[in-house]
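Let me begin by presenting the structure, written as structure tokens, before commenting on it.
No experiment lies behind these values; they were computed from the predicted model shown. Excluded from the calculations below are hydrogen atoms, water molecules and symmetry mates; all remaining heavy atoms, backbone and side chain alike, are included.
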Amino acid sequence: MNLIKKAFDILDVFLVNGPELSLEEISKLSRINKATSRRIAVMLIQNGCLRQPVKRGKYSLGMRFLDFSGAIKRNNGIIDVAGPILNELSKSMNESIGIALWDGSSAVLCQFFHTSRLLKVVPDEGTKLGMHNSSMGKAILANLTEHEQQRYFSRPLRKYTDNTITDLDNLKQQLSQIKIENVAFDDEEFAIGVRGVAVPLKNRRGEMLGSIGMIGPSARIRPSTLKEWVPLLNNCTAEIARQLDYNPSLKH
């Protein structure tokens with residue numbers, strides 16, 4: 001059982017620090033000695049969860065996770081309902097829009113619909129979101145229980161850009177405002193040149209499911225533009241919640 005936990009610890013390292021890591025980096029970040037890290041890495045390579053294209057080279061996540069990603073989409077009722085709604089909004093606004101789901105311990109970007117414009121932001125589906133540095137993450141974090149928030153605050157708040165809020169008091173103040181206004185913004189907090197806006201996604205019982213949001217290049221998208229999207233995103237979440245409520249057989 002201990003070995004299984006260590007294998008998951010190593011995989012988690014890639015979610016936060018990837019996409020390519022050396023054995024030394026894996027060992028340091030996971031706090032697992034090199035010999036054990038190497039043994040687990042070999043096992044993960046054998047089942048397709050890790051890959052090492054060059055002998056003694058760096059490791060990266062394997063193609064097996066694409067299979068898991070596809071299975072999650074096929075079996076997740078929220079995505080079944082939300083996908084067509086978000087796709088239509090993306091087409092009508094000609095901007096990129098996505099959905100992140102909360103699994104009880106982390107927020108994962110599950111599906112994204114991209115604008116046809118040449119200049120756009122293309123995040124990777126399956127990415128584990130930083131909850132304090134992205135609009136979609138903050139929309140979720142602001143609506144979690146105090147216990148769930150404290151569990152997140154117990155980790156170091158990584159600074160991605162000069163705009164990332166890492167002061168805990170300032171972050172808590174912003175999260176309180178997000179919860180009141182029901183919207184979160186990202187003004188180049190995750191990456192320079194990227195802005196975003198997101199709203200929480202809940203079912204009709206008020207249970208936290210995740211968030212939906214739009215992101216794009218700051219060269220085109222101004223803060224005032226983000227505010228114009230809020231009513232559209234709120235309409236989407238209301239429609240998703242309504243359809244989930246009328247489809248009790250769906251998994252949500």
Open item on the list: Less than 4.5 Å apart, side chain to side chain, heavy atoms only: is that true for V183 and V197?
Closed with: yes
TODO: Quick one: closest heavy-atom pair of A139 and N143, and the distance?
DONE: O-ND2, 2.8 Å
Task: Smallest separation among heavy atoms of A7 and L44, with atom names - done: O-CD1, 4.3 Å
- [ ] Answer with yes or no whether the hydrophobic clustering places V42 together with F14; edges join I, L, V, M, F, W, Y residues whose side-chain heavy atoms lie under 4.5 Å apart.
- [x] no
Task: Main-chain N/O of V199 paired to S211 side chain as donor or acceptor, under 3.5 Å - done: no
TODO: Output yes when a side-chain donor or acceptor of Q52 lies under 3.5 Å from a complementary backbone atom of G57, and no otherwise.
DONE: yes
- [ ] Tell me whether L141 is reachable from M136 by hopping between hydrophobic residues (I, L, V, M, F, W, Y) whose side-chain heavy atoms are closer than 4.5 Å.
- [x] no
Task: Within 6.0 angstrom of K159 NZ, more than 12 heavy atoms from elsewhere - done: yes
- [ ] Cation-pi check, R158 to Y160: give yes when NZ or CZ is under 6.0 Å from the six-membered ring centre and within 45° of the ring axis, no otherwise.
- [x] yes
Open item on the list: In this structure, would L157 and L29 fall into the same cluster of hydrophobic residues linked by side-chain contacts under 4.5 Å?
Closed with: no
Open item on the list: Starting from V230, can I reach L86 by hopping between I/L/V/M/F/W/Y residues whose side chains sit under 4.5 Å apart?
Closed with: yes
- [ ] Answer yes or no: is there a donor N or O on one side and an acceptor on the other, between the side chain of K34 and the main chain of L23, under 3.5 Å?
- [x] no
Task: Sub-4.5 Å side-chain heavy-atom contact between F153 and L171 - done: yes
Open item on the list: For the backbone of F185 and the side chain of S135, can you confirm whether one donor and one acceptor N or O come within less than 3.5 Å of each other?
Closed with: no
TODO: Look at the side chain of T164 and the backbone N and O of N133, then say whether any donor-acceptor pair between them is shorter than 3.5 Å.
DONE: no
Open item on the list: For the CD atom of Q149 and the NZ atom of K172, what is their distance to the nearest 0.5 Å?
Closed with: 8.0 Å
Open item on the list: Check whether E188 reaches the backbone of G193 with its side chain - one donor and one acceptor, N or O, closer than 3.5 Å.
Closed with: yes
Task: Distance, nearest 0.5 Å, that separates CD1 of I45 from CD1 of I40 - done: 12.0 Å
Task: Contact summary for A184 and K138, nearest pair of heavy atoms - done: CB-CB, 4.0 Å
Task: Value rounded to 0.5 Å, distance of CD1 in I240 from CD1 in I78 - done: 9.0 Å
Task: Taking every non-hydrogen atom, the tightest pair across I215 and I221 - done: C-CD1, 4.3 Å
Open item on the list: Rounded at 0.5 Å granularity, tell me how far NZ in K28 sits from CD1 in I32.
Closed with: 15.5 Å
Open item on the list: Within the supplied structure, the quantity of interest is the number of heavy atoms (other residues, nucleotides, ligands) at a distance under 6.0 Å from Q173 CD; does it exceed 12?
Closed with: no
- [ ] Examine distances only and state if a side-chain atom of N170 and a backbone atom of T166 form a donor-acceptor pair shorter than 3.5 Å.
- [x] no
TODO: Determine the minimum heavy-atom distance between N182 and P200, stating which atoms define it.
DONE: OD1-CG, 3.1 Å
TODO: Could you check if a side-chain atom of I165 sits within less than 4.5 angstrom of a side-chain atom of H132, using non-hydrogen atoms only?
DONE: no
Task: For A142 against K179, the heavy-atom pair lying closest together - done: O-CD, 3.4 Å
Task: Within one Ile-Leu-Val-Met-Phe-Trp-Tyr cluster: L232 and I99, side-chain cutoff 4.5 Å - done: yes
TODO: Assess whether atom CD of Q150 is packed by more than 12 heavy atoms of other residues, nucleotides or ligands within 6.0 Å.
DONE: yes
Task: CZ/F190: more than 12 non-hydrogen atoms of other groups inside 6.0 Å - done: no
TODO: Using the side-chain contact (heavy atoms from CB on, under 4.5 Å) rule, take I140 and L144 through it: C-alpha gap first, then chi angles, then the decisive distance, then the call.
DONE: CA-CA 7 Å; I140 295 173; L144 298 181; 4.0 Å; yes
TODO: Show your working on side-chain contact (heavy atoms from CB on, under 4.5 Å) between E20 and E25 and close with a plain yes or no.
DONE: CA-CA 10 Å; E20 292 186 332; E25 290 170 327; over 6 Å; no
Task: From R195 atom CZ to D187 atom CG, the distance as rounded to the nearest 0.5 Å - done: 4.5 Å
Task: All side-chain contact (heavy atoms from CB on, under 4.5 Å) counterparts of E239, not counting sequence neighbours - done: I85, R242, Q243
- [ ] Would you give the length of the straight line joining atom NZ of K6 to atom CG of N33, rounded to the nearest 0.5 angstrom?
- [x] 6.5 Å
TODO: Decide yes or no for V13 and Y59: does some side-chain heavy atom of the first lie under 4.5 Å from some side-chain heavy atom of the second?
DONE: no
Open item on the list: I'd like to know whether CG of D162 has more than 12 heavy-atom contacts from other residues, nucleotides or ligands below 6.0 angstrom.
Closed with: no
Task: Side-chain heavy-atom pair M214, L89 within 4.5 angstrom cut-off - done: yes
